[in-house]
There are 4 protein chains.
Amino acid sequence: MRVKDETKRLAIIENTLDIVFDKGFAGVKMSTLAKRVGISVSTLYVYYESKEDLIVSIATELIARQTKNSVKDITEDLPFKLKMKTMWLYWIHFSINHSKEMHFITQVKKSPYYDKIPAVIKETKNRLGIDLFELGKKEGLIRDINNEILASIIGAILLETVNLIITKKIKLNEEDTDVMFSFAWNAIKS
Amino acid sequence: MRVKDETKRLAIIENTLDIVFDKGFAGVKMSTLAKRVGISVSTLYVYYESKEDLIVSIATELIARQTKNSVKDITEDLPFKLKMKTMWLYWIHFSINHSKEMHFITQVKKSPYYDKIPAVIKETKNRLGIDLFELGKKEGLIRDINNEILASIIGAILLETVNLIITKKIKLNEEDTDVMFSFAWNAIKS
Amino acid sequence: MRVKDETKRLAIIENTLDIVFDKGFAGVKMSTLAKRVGISVSTLYVYYESKEDLIVSIATELIARQTKNSVKDITEDLPFKLKMKTMWLYWIHFSINHSKEMHFITQVKKSPYYDKIPAVIKETKNRLGIDLFELGKKEGLIRDINNEILASIIGAILLETVNLIITKKIKLNEEDTDVMFSFAWNAIKS
Amino acid sequence: MRVKDETKRLAIIENTLDIVFDKGFAGVKMSTLAKRVGISVSTLYVYYESKEDLIVSIATELIARQTKNSVKDITEDLPFKLKMKTMWLYWIHFSINHSKEMHFITQVKKSPYYDKIPAVIKETKNRLGIDLFELGKKEGLIRDINNEILASIIGAILLETVNLIITKKIKLNEEDTDVMFSFAWNAIKS
DNA sequence: CATGAATGAGCCTTCATTCAT
DNA sequence: TATGAATGAAGGCTCATTCAT
């Protein structure tokens, strides 16, 4: 029997990401997608059983993958503010290098598709900065405020930073990112 | 076109806003919209010559209207930080009371429809805080950074605040909004 | 505004009957049907909101119509056996002249579509022979057996008669139909 | 083709019968069938070269098998009416015990598939009662009418009887089947 | 102005069948 | 023989838009 081609699956994901980035979910037509990937529509249905399944599966995979990557080597022996900044930079770079994935996830979160994502996946996530915030509070360096709110604020500033970089209003150099980080840091520091 | 029955026109806008808020642009079916408004589809086409025209026209009108409202009576004689806060609160309330309009505009900005909006309209806008920022800088109270960036940051935090309120994660009371304002203020103050 | 064309509706029904007669429900393709009627597929959906609705609506209409027609002028002053025969002949002719309608209804009854037909319609029906059977029993002319069973038997023989006529194995003349009626009559007479 | 694993072949037939019984031919999806049997779709095609071949082959086999069974031991030394009744009961029981096979054949007969069944098979069949009818006529016990018509009538009543039993409107006991047989007998007796 | 009727273009999905191992 | 992968050819249905009154 013919053997399934992982490459093909990845191509499907890649192209879906591209399309969603350009035109949103409504722009994802099964026929167009198939054509871009170079397979027939029916083959698409061999890999995903419906359009919904396609999007939900990709989202699930991306979210899971993203969760794994995050905190990595921040556990180094650094002063708190630097840990924070390391993480900040990590996410800036990640967001820019994976802008389409980020966009995809962002879109999914606001769409009805999000309800279809396995609860396990949704929960496992977002532990990203929480531990760090706790540490900062313990050291008296950041304000004693509900973690979720802190995360929201930092997240908003970070996303905006990425936007500014993408729209070329600021540059991805030390100087500019330092300024942007200072906004975030000043916002939450004690 | 667009000569008769202002009531009908407003009903169309109102319902479009509602639908977009609930289901996004894809949810706006000409037939559904007509039914909700209580007119026939054909009549809809008497008022707007296409779906695109419908959305672009509404967006144009909303953006124009919004621009007018903003700075109003903040020109009072208040210390700078209070002016800032007044404006902040003004926008918080405005965003919440007009959440559907805000949402509509936000969506349009990210959609291909945005390209169709008259340049004049798009430019006139966003003069919101610029003057205020200049004043703050002159008084040495806020950091000397490109206005557009300041506006982005403040805007991001504001939007996030509104989100938190809408999703019930914080309340629309003095205590909670004060905290949120402090994030914004700390971020940009000297 | 353009006005709805009853002719069109009737043409849809007619063609649906023909197709079902030739190829069963599976043979009814919305596109083919539309083409035969000379309208576009979308127009078909103006008249019926789905394929199921098409079939169920037609069935409902046919059954209702059929119920009305039946007993008519059998209330004449005839000896019982002749009343019976009049009805028998009426149904033979009706079945042959409306063979496609009969076939359609027969098919619907055996299909899952039948469940979707309004209960009212299903009930109102079939009072056809019941009264007659009661009369026959009272006069001691036919066997005292459950009406439903009598109806089944007569119905089966009648259907078979129609089949034989359609397949040309017997003729639609007095001689042949007399023989066939005698089968039915002998079966149930006292 | 059709060389290996008789068990598998029988399982295919069995499941096809079940599916047709439940949902008709349209319900027979090659993939579903394969899954139920526990083989792959491709393997199905090793046994039958197409869906048509599948159905036609099964029908051919069933019809052939059925023809063989019928008249068996009715040639006993019984009075004619009892011979008739024996046969009647034989078919009642056969139809009920092999309801799925009967249903399958009935369906095939009304479908375009029937045209594809080898003429030889179709002809060999149905000699069921003919000999018996001849005997009855010779003894002056049943009406002197074309055998084919007699067979049709008896067949129709028999089928209806089975239907009534299956739909639980009558029972499969001596009393009820006697009544039903009396209908048939009265219909054709001299 | 108002509207019900009509439609073309397209979208998602299914399914029998063939390929390649 | 056995099978998972791959596909073409539909089929049902939707929707923005145009017609005709």
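Basis for what follows: all heavy atoms, side chains included, without hydrogens, waters or symmetry-related copies. Chain letters run A, B, ... following the sequence lines, proteins first, then strands; residues in each count from 1.
- How far OG1 of Thr16(C) is from CD1 of Ile58(C): 4.0 Å, rounded to the nearest 0.5 Å.
- Between atom OG1 of residue Thr7(D) and atom CD1 of residue Ile12(D) there is a gap of 11.0 Å, rounded to the nearest 0.5 Å.
- Using a 4.0 Å cutoff on non-hydrogen atoms, the parts of residues 15-35 of chain D near DNA chain E are Val28(D), Lys29(D), Met30(D), ordered by number.
- Summarising the geometry, atom NE2 belonging to His103(D) is positioned 11.5 Å from atom CD1 belonging to Ile105(D); distances are rounded to the nearest 0.5 Å.
- Considering all non-hydrogen atoms of both residues, Tyr48(C) and Ser57(C) come closest at CE2-CB, 3.7 Å.
- Residue pairs meeting the salt bridge (charged side-chain N to carboxylate O under 4.0 Å, His left out) criterion with at least one partner in residues 11-31 of chain A, sequence neighbours excluded, are Asp18(A)-Arg36(A), Asp18(A)-Lys100(A).
- To the nearest angstrom, P of dC15(F) lies 13 Å from OH of Tyr45(C).
- Scanning all heavy atoms of the two residues, the minimum distance from Ala59(A) to Ile117(A) falls at CB-CD1, 3.6 Å.
- If you find the closest nucleotide of DNA chain E to Val41(A) and to Lys8(C), the one lying nearer the 5' end belongs to Lys8(C).
- By the ring pair (Phe, Tyr, Trp, His ring centres under 6.0 Å) test, Phe25(C) is found to be paired with Phe104(C), Tyr113(C), residues two or more places apart in sequence or in another chain being considered.
- Note: Leu44(A) CG to Lys51(A) NZ = 11.0 Å, rounded to the nearest 0.5 Å.
- A distance of 12.0 Å separates CZ in Arg65(C) from OG1 in Thr60(C), rounded to the nearest 0.5 Å.
- Taking the nucleotide of DNA chain F with the nearest heavy atom to each of Ser40(D) and Ser42(A), the more 5' of the two is matched to Ser40(D).
- Under the salt bridge (charged side-chain N to carboxylate O under 4.0 Å, His left out) criterion, Lys35(A) pairs with no residue at all, not counting sequence neighbours.
- Ile13(C) contributes atom CD1, which lies 9.0 Å from atom CD of Glu101(C) (distance to the nearest 0.5 angstrom).
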Pair assignment for DNA chain F - dot-bracket with | for other-strand partners, Watson-Crick or G-U under 3.5 Å: .||||||||||||||||||||
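- Side-chain N/O atoms of Thr43(C) include one lying less than 4.0 angstrom from OP1 or OP2 on dT7(E).
- As a whole-Å value, the separation of Arg9(B) CZ from dC1(E) P is 15 Å.
- In this structure, Leu44(C) places its CG atom 14 Å from P of dG11(F), rounding to the nearest Å.
- Shown for residues 46-58 of chain A: residues whose heavy atoms fall under 4.0 angstrom of DNA chain F, namely Val46(A), Tyr47(A).
- Nearest-nucleotide mapping onto DNA chain F: of Gly38(D) and Gly38(A), the residue sitting toward the 5' end is Gly38(D).
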